[in-house]
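Reminder, nothing fancy here: chain letters follow the sequence lines and each chain counts from 1.
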Amino acid sequence: MSSVFKALADPTRRRVLQLLRRGPMTAGELAEQFDLAKPTMSVHFAVLREASLIDSEKQGRTIVYRLRMSVLEEALLGFAQTFGIQVTKDAAGAPAVTPDTEHS
Amino acid sequence: MTRSFATSPITRALFAAALIIAASATLAYASPAYVSVELARRLFGAMLGVVVVIYANAAPKALTPLTRMRCDPEVEQILRRFAGWMLVLGGLGYTAASLLAPIGSAQLLAIAFLGSALLAVAIRYGIAVGVGRRAR
């Protein structure tokens with residue numbers, strides 16, 4: 001469960017899950033939606049796969065991602081999105097959960 | 001890669017079934033000597049509702065490989081998620097009705113909640129099939 005919370009704590013990963021709600025998308029289609037380098041997106045995809053929130057399937061030379069969330073995990077996503085929860089680092093460099101200031 | 005016997009889906013299903021049967025048998029044995037008939041009925045209904053919620057919660061995670069899918073993956077995902085949500089809500093309603101409604105109408109209300117959820121899923125599925133046929 002902690003891997004799920006970790007996955008949902010990042011706004012980029014939450015956005016990926018929102019995009020996948022519409023249907024399966026390739027890695028390239030997902031990456032186009034963000035202004036991030038491909039290696040960074042790969043890290044996000046790996047965190048989501050580790051938390052079993054998405055499923056990946058290789059089709060030829062492309063990887064297709066699909067949503068794989070239970071009802072409870074979707075509810076947690078909605079909660080995290082509504083309250084804009086994200087993990088930041090405090091002055092000591094330790095992770096701390098804070099509300100997203102854009103939402104407050 | 002082989003799955004251990006303890007974690008295989010069949011083992012988990014058999015364990016869940018055994019748990020449900022054991023709980024039902026315990027309630028039947030305990031009533032009416034230790035537990036009132038009404039409480040036993042409420043607890044049994046609540047247990048069934050919780051079982052529905054647990055399985056419905058996990059339903060959207062049961063994916064069919066894209067290579068074996070014969071329908072539109074987007075439509076399939078929408079229906080799978082809709083069914084999961086509806087049955088979780090139906091199961092929660094079933095549980096709440098079993099525990100809180102007047103005993104005379106608890107079972108009817110519980111069935112109404114779950115039945116409505118199933119009907120909603122059937123209607124949604126019918127709409128998706130109808131739209132798919134018209135598109136072709």
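In terms of heavy-atom pairs under 4.5 angstrom with chain B, the leader among E73(A), R21(A), R22(A) is R21(A). In terms of heavy-atom pairs under 4.5 angstrom with chain B, the leader among S70(A), S52(A), G23(A) is S70(A). Taking chain A as the reference chain and counting heavy-atom pairs below 4.5 Å, the highest number among P73(B), G84(B), A62(B), P65(B) is found for P65(B). By number of non-hydrogen pairs under 4.5 angstrom with chain B, the leading residue of R66(A), M69(A), Q59(A) is R66(A). Among the candidates N57(B), D72(B), V53(B), the residue making the largest number of heavy-atom pairs closer than 4.5 Å to chain A is N57(B).
Expressed to the nearest 0.5 Å, how far OG1 of T12(A) lies from CZ of F34(A) amounts to 6.0 Å. Interatomic distance, L99(B) CG to Y94(B) OH, rounded to the nearest 0.5 Å: 11.0 Å.
Contacts between A56(B) and chain A at a heavy-atom distance below 4.5 Å involve the backbone alone (N, CA, C, O).
In this structure, the side chain of R68(A) does not engage the main chain of L53(A) through any donor-acceptor pair within 3.5 Å.
Within the 4.5 Å cutoff, side-chain heavy atoms of I127(B) are placed close to those of I123(B).
Atom CZ of R80(B) has more than 12 heavy atoms from other residues, nucleotides or ligands within 6.0 Å.
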